[in-house]
Amino acid sequence: QPASASLQSLAFSINPPTSPPAQTNPAQPRRFLFVYGRSSAHASTATSIYYLSISLSRAGMAEQLISTAVHHTLPDSYVRSEADRPRLDEVVPDADIPVVDLANPDRAAVVAQIGAACSSHGFFQVLNHGLPLEVMLAAMAVAHDFFRLSPEEKAKLYSDDPAKKMRLSTSFNVRKETVHNWRDYLRLHCHPLEQFVPEWPANPPPFRDVMSTYCKEVRQLGFRLYAMISESLGLEQDYIKKVLGEQEQHMAVNFYPKCPSPELTYGLPAHTDPNALTILMMDEQVAGLQVLKEGRWIAVNPRPNALVINLGDQLQALSNGRYKSVWHRAVVNSDRPRMSIASFLCPCNSVKLGPAEKLIGEKSPAVYRNYTYDEYYKKFWSRNLDQEHCLELFRT
C-alpha cells in the first residue's frame with residue numbers, strides 16, 4: 001500500500017490458525033489477510049481474498065484424492081519396490097472360500113461350518129444372511145453416487161487425520177506411509193447412529209437414510225454371527241457380544257479407481273483387521289479381495305448377494321489363537337473401478353480383552369495378555385499397515 005493510504009494490511013500464513021473461522025479446517029494451512037483501517041471496500045476485498053484462499057486450499061485437498069481425475073500413468077509415489085509387488089500371475093484364481101448358508105435349518109451344522117471356516121481360513125461368505133437385497137443395492141448405488149460428486153464437493157470432507165470420526169481420505173495413513181495405495185475411502189462412525197449421522201455427508205441427498213438402514217441391518221447380522229462363533233468355541237451364545245461391551249461400529253466405503261499399472265501397486269497391501277468382526281459387501285462385477293492361505297494368495301470371487309465375513313484380531317485373541325485373523329489385501333485393475341463397503345464391529349474402548357478363560361488351561365496356556373481395545377487400536381494406527389501382525393505385540 002502507498003504510505004498515504006488510509007488502510008494498512010498485512011498478509012501472512014499460519015498453521016494452524018490461532019482463531020480460525022468456523023468454516024475452516026484447523027489442521028490445514030490457510031492464508032489470512034488481516035485488515036485494519038476504516039475502508040469497508042478494502043474489508044470487502046479482504047473477505048473476497050480470504051474466501052478465494054479457502055477455495056484454493058480445498059482444491060489442493062481435492063488433488064490428494066485419486067478419484068478426482070483420470071490417470072494415464074502411475075505416479076511414482078504409488079510404485080512398490082520389486083520385492084513388494086502383488087505378482088498377480090501367481091494368485092490362485094479359483095480357490096474355494098468356505099460358503100455358509102444361514103438359512104440351513106440345522107443350526108448345529110451351520111455352527112460347525114462357521115467354526116471350521118474360522119479355523120482354516122479366517123474368512124467365509126454367507127448366503128441367505130437376512131439383509132434385504134434392496135438395502136444392499138441401495139447402499140452400493142449411493143456409494144457410487146458419492147464418489148461421482150465434484151472434486152470441490154469431496155474436498156470439503158477431506159482429512160488425513162485418523163482420529164476424525166468422519167473423513168474422506170486416500171490410501172491408508174498418508175501421514176506415515178512412504179508408498180501410497182490406490183484407494184480413496186469414506187470413513188464413518190456408525191453407532192450410535194443418532195450421534196454420528198448428522199456429521200455424515202449431506203450429498204447425495206439419500207446418503208444418510210440409505211446408509212443408516214444398511215448399518216442397522218449389518219449390526220444385527222454381526223450379533224447373529226457372534227452367537228454362532230461363540231457356540232463353535234464351546235462358549236455361551238452371548239459370550240462374545242457380552243465380553244466386547246457396548247460395541248462401536250465403523251464403516252469404510254472403499255473406491256478403487258481404474259489403475260494404469262495394477263501390477264506395480266495395491267489398493268491395500270497385506271494387513272489384518274484390528275477390530276472383532278468385518279462384514280464386507282463386494283462389487284459383484286469386479287474381484288479384488290485376496291486372502292493369504294498356506295503361503296499363497298487366493299482370490300475371493302464375489303457370489304451373487306453374498307457377504308464376506310472375516311475375523312478381526314480381537315476374535316483371534318479371544319479364541320486364544322484357535323481362530324485366525326488372516327492377512328488379506330486388495331488389488332486393483334486397469335479395466336474397471338471397484339467399490340466395496342466394509343463394516344467393522346469394534347469392542348468398547350475400555351473393556352479388558354484377551355483369551356476367554358474357558359479356553360485357557362494347562363495344555364492351552366494364554367497366548368495373549370489382557371489389554372484394552374483403546375490400547376490396541378492406538379498401537380495399530382501407530383504402525384504401517386503391512387508390518388508384523390499387531391497381535392504379536394500383545395503375546396504373553
Side-chain angles (χ1 to χ4, degrees), residues 97-103 110 114 117-118 122-146 165-166 185-201 206-230 237-238 240-242 244-255 273-284 289 300 302-315 325 328 330 338-348 373:
I97 297 292
V99 179
V100 179
D101 185 349
L102 296 185
V110 173
I114 288 176
C118 291
F123 263 79
F124 55 98
Q125 297 196 58
V126 289
L127 303 173
N128 298 311
H129 39 66
L131 263 74
L133 178 59
E134 61 270 19
V135 171
M136 296 171 63
L137 293 176
M140 191 62 78
V142 82
H144 278 286
D145 287 344
F146 174 82
K165 297 184 185 299
M166 193 285 293
Y185 65 97
L186 178 66
R187 186 82 179 197
L188 304 172
H189 279 226
C190 309
H191 184 78
L193 278 169
E194 60 273 15
Q195 177 181 340
F196 293 114
V197 167
E199 301 175 9
W200 288 6
F207 186 92
R208 292 177 179 176
D209 286 343
V210 167
M211 286 304 191
S212 294
T213 301
Y214 181 76
C215 286
K216 292 174 189 174
E217 296 284 351
V218 164
R219 190 174 182 85
Q220 292 311 307
L221 172 60
F223 290 159
R224 286 174 59 204
L225 292 169
Y226 276 166
M228 289 183 275
I229 294 170
S230 289
Q237 259 192 41
D238 62 354
I240 292 177
K241 185 179 177 184
K242 275 186 173 179
L244 298 185
E246 182 61 28
Q247 291 174 68
E248 293 190 8
Q249 183 177 343
H250 305 166
M251 176 189 285
V253 183
N254 301 306
F255 182 64
D273 289 352
N275 53 294
L277 193 72
T278 301
I279 299 174
L280 180 73
M281 178 165 58
M282 294 198 298
D283 189 326
E284 290 184 8
L289 175 65
V300 180
R303 285 176 170 258
N305 308 328
L307 293 168
V308 176
I309 312 299
N310 75 274
L311 302 192
D313 296 351
Q314 305 318 314
L315 291 190
S325 172
H328 53 286
R338 187 171 78 91
M339 184 79 70
S340 70
I341 302 176
S343 297
F344 308 99
L345 289 180
C346 309
C348 173
Y373 188 59

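Because the structure is a prediction, the values reported are computed rather than measured.
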Task: Short side-chain to backbone donor-acceptor contact, Arg338 and Asp283, under 3.5 Å - done: no
Task: Cys190 side chain near Phe344 side chain, heavy-atom distance below 4.5 Å - done: no
- [ ] For residues Asn275 and Asp313, determine if any side-chain heavy atom of one lies less than 4.5 Å from a side-chain heavy atom of the other.
- [x] no
Task: Closest contact, heavy atoms only, Thr278 versus Ala342 - done: CG2-CB, 4.4 Å
Open item on the list: Just to verify, what does Asp209 make a side chain to side chain donor-acceptor pair (under 3.5 Å) with, not counting sequence neighbours?
Closed with: none
Task: By side chain to side chain contact (heavy atoms under 4.5 Å, CB included) - contacts of His191 (at least two apart) - done: Arg219, Glu246, Gln249
Task: With Glu217 via side chain to side chain donor-acceptor pair (under 3.5 Å) - residues at least two apart - done: none
TODO: Answer whether the closest heavy-atom distance between the side chains of Leu225 and Ile114 falls below 4.5 Å.
DONE: yes
Open item on the list: For Tyr226, does the six-membered ring have the charged nitrogen or CZ of Lys241 within the cation-pi criterion, i.e. under 6.0 angstrom from the centroid and within 45° of the normal?
Closed with: no
Task: Flag, side chain of Gln125 to backbone of Pro98, donor-acceptor distance under 3.5 Å - done: no
- [ ] Evaluate the ring planes of Phe146 and Phe207, with Trp represented by its six-membered ring, and classify them as parallel (under 30°), tilted (30 to 60°) or perpendicular (over 60°).
- [x] tilted
Task: For Ala103, all residues meeting side chain to side chain contact (heavy atoms under 4.5 Å, CB included), sequence neighbours excluded - done: Asp101, Asn128
Task: Reported CG-to-CG distance for the pair Asn254 and Leu280, which is rounded to 0.5 angstrom - done: 8.0 Å
Open item on the list: For a side chain to side chain contact (heavy atoms under 4.5 Å, CB included) check, start with the C-alpha distance between Leu311 and Leu277, then their side-chain angles and the critical distance, and finish with the verdict.
Closed with: CA-CA 5 Å; Leu311 302 192; Leu277 193 72; 3.8 Å; yes
Open item on the list: For Lys165, give me all partners under salt bridge (charged side-chain N to carboxylate O under 4.0 Å, His left out), at least two apart in sequence or on another chain.
Closed with: none
Task: All pairs passing salt bridge (charged side-chain N to carboxylate O under 4.0 Å, His left out) where residues 131-145 contributes a residue, at least two apart - done: Asp145-Arg148
Open item on the list: For a 4.5 angstrom cut-off between non-hydrogen side-chain atoms, does Glu248 reach Tyr373?
Closed with: no
